[in-house]
Visitor: 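Quick one: the structure is below, and I'll ask about it shortly.
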Amino acid sequence: MSELLWPHYAAPSDLAAIEAVPLEARGLPASTHDLPARAARLRPDRTALTVLPDAERWRGPLRCSFADLPAGVHRYANVLHRFGVRRGAAVALMAPNCAEIIPATLAAPLNGALAPAHLAELLRRSGARVLVTAGPELDPDVWAKLPEPAEALDVVLVLRPTAAVGDPAPLPRIDGVLIAHLADLARAEDASAFTGEPPRPGDLAATPGPVAS
């Protein structure tokens with residue numbers, strides 16, 4: 001199995017042998033949902049993710065094993081499912097790199113450097129009702145642009161910096177919009193199973209890409 005997934009390559013002359021094996025014969029994961037689950041079965045103790053909290057703490061990165069990664073994915077997916085996200089629904093993601101963003105990467109990204117009016121228009125065109133975004137601790141500039149785009153949303157799920165300590169400042173209120181820290185909601189979810197319907201192999205090809213930013 002490992003030879004099929006990671007074929008030997010030493011020189012360009014090896015490409016012909018590698019490409020002679022069709023992708024469907026290489027034992028690839030059936031879907032993005034199956035990817036972390038299978039890695040947890042095959043290599044539970046290996047490090048799946050290494051994230052630096054910041055440049056000053058480069059000697060103490062946050063590490064997550066393949067065994068632990070599916071639990072985070074399930075919790076985040078269950079939070080989204082609880083807020084009505086179903087197959088084919090759009091979820092917008094607007095944040096710089098941090099540990100929390102990794103389980104939330106199955107979403108349509110937005111460029112946080114854009115003007116608030118532009119962000120609001122992209123959200124409207126994408127049809128997203130849920131936004132996963134950087135909080136004031138993680139990226140104050142992105143957070144400052146939230147009020148105008150949030151008018152088109154039902155839910156705003158807020159991310160904190162990697163390995164954040166202490167209690168965050170209270171989040172603002174916007175009429176008609178639920179605003180909460182994603183990690184707080186995820187802790188209450190069952191990590192052993194995904195409450196929704198896992199993606200199918202053909203979903204990626206059938207799903208439109210994110211609105212261009």
Visitor: Could you measure the distance from the CZ atom of Arg43 to the OG1 atom of Thr47? Nearest 0.5 Å is fine.
Guide: 13.0 Å
Visitor: Any side-chain heavy-atom pair from Thr133 and Val156 closer than 4.5 angstrom?
Guide: yes
Visitor: Nearest heavy-atom pair of Pro44 and Leu42: which atoms, and what distance?
Guide: CD-C, 3.5 Å
Visitor: For the residue pair Pro161 and Glu100, establish whether any side-chain heavy-atom pair is separated by less than 4.5 Å.
Guide: no
Visitor: Which atom names give the shortest non-hydrogen contact between Val158 and Ile179, and what distance separates them?
Guide: CG2-CG2, 3.9 Å
Visitor: Should Val155 and Val177 be marked as a side-chain contact (heavy atoms from CB on, under 4.5 Å) after you check the CA-CA gap, both sets of side-chain angles, and the distance that decides it?
Guide: CA-CA 5 Å; Val155 180; Val177 182; 5.9 Å; no
Visitor: Between the main-chain N or O of Cys64 and the side-chain N or O of Asp68, is there a donor-acceptor pair closer than 3.5 Å?
Guide: no
Visitor: Around atom CG of Asn97, are there more than 12 heavy atoms from other residues, nucleotides or ligands closer than 6.0 Å?
Guide: no
Visitor: Identify the two heavy atoms, one from Pro29 and one from Arg38, that lie closest to each other, and give their separation to 0.1 Å.
Guide: CD-NH2, 3.2 Å
Visitor: Look only at the side chain of Asn78 and the backbone of Arg75, and say whether a donor-acceptor pair between them is shorter than 3.5 Å.
Guide: no
Visitor: Heavy atoms, side chains only, cut-off 4.5 Å: are Leu52 and Arg57 in contact?
Guide: no
Visitor: To check you understand the geometry: which heavy-atom pair defines the closest contact between Ala39 and Phe66, and what is its length?
Guide: CB-CD2, 3.3 Å
Visitor: Side-chain contact, heavy-atom cut-off 4.5 Å: Tyr9 with Leu15?
Guide: yes
Visitor: Under 4.5 Å between side-chain heavy atoms, counting indirect links through other Ile/Leu/Val/Met/Phe/Trp/Tyr residues: same cluster for Leu182 and Leu49 or not?
Guide: yes
Visitor: Side-chain contact test, heavy atoms from C-beta onward, threshold under 4.5 Å: evaluate it for Asp154 versus Phe83 and give yes or no.
Guide: no
Visitor: If I compare all heavy atoms of Pro70 with all of Pro36, which pair ends up nearest, and what's the gap?
Guide: CG-O, 3.5 Å
Visitor: Is Leu62 close to Thr50 at the side-chain level, that is, under 4.5 Å between some pair of heavy atoms?
Guide: no
Visitor: Say you draw a straight line from SG of Cys98 to CG of Asp54; how long is it, rounded to the nearest 0.5 Å?
Guide: 12.5 Å
Visitor: Do Leu35 and Tyr76 share a hydrophobic cluster, counting only Ile, Leu, Val, Met, Phe, Trp and Tyr and linking them when any side-chain heavy atoms are less than 4.5 Å apart?
Guide: no
Visitor: Compare all side-chain heavy atoms of Val132 with those of Met94 and state whether any distance is below 4.5 angstrom.
Guide: no
Visitor: Taking all non-hydrogen atoms of both residues into account, name the closest pair between Pro168 and Glu137 and its distance.
Guide: CB-OE1, 3.4 Å
Visitor: Quick one: do Asp190 and His74 satisfy side-chain contact (heavy atoms from CB on, under 4.5 Å)? Show the steps, please.
Guide: CA-CA 8 Å; Asp190 181 8; His74 284 156; over 6 Å; no
Visitor: Are side-chain heavy atoms of Ile18 and Arg26 found at a separation under 4.5 Å?
Guide: yes
Visitor: Where do Leu131 and Leu157 land on the side-chain contact (heavy atoms from CB on, under 4.5 Å) test, with the steps shown first?
Guide: CA-CA 6 Å; Leu131 172 66; Leu157 301 175; over 6 Å; no
Visitor: Going through the checks in order, is the side-chain contact (heavy atoms from CB on, under 4.5 Å) test met by His181 and Arg160?
Guide: CA-CA 8 Å; His181 286 99; Arg160 299 189 68 193; 3.6 Å; yes
Visitor: Roughly how far, to the nearest 0.5 Å, is CZ of Arg82 from CD of Glu189?
Guide: 4.5 Å
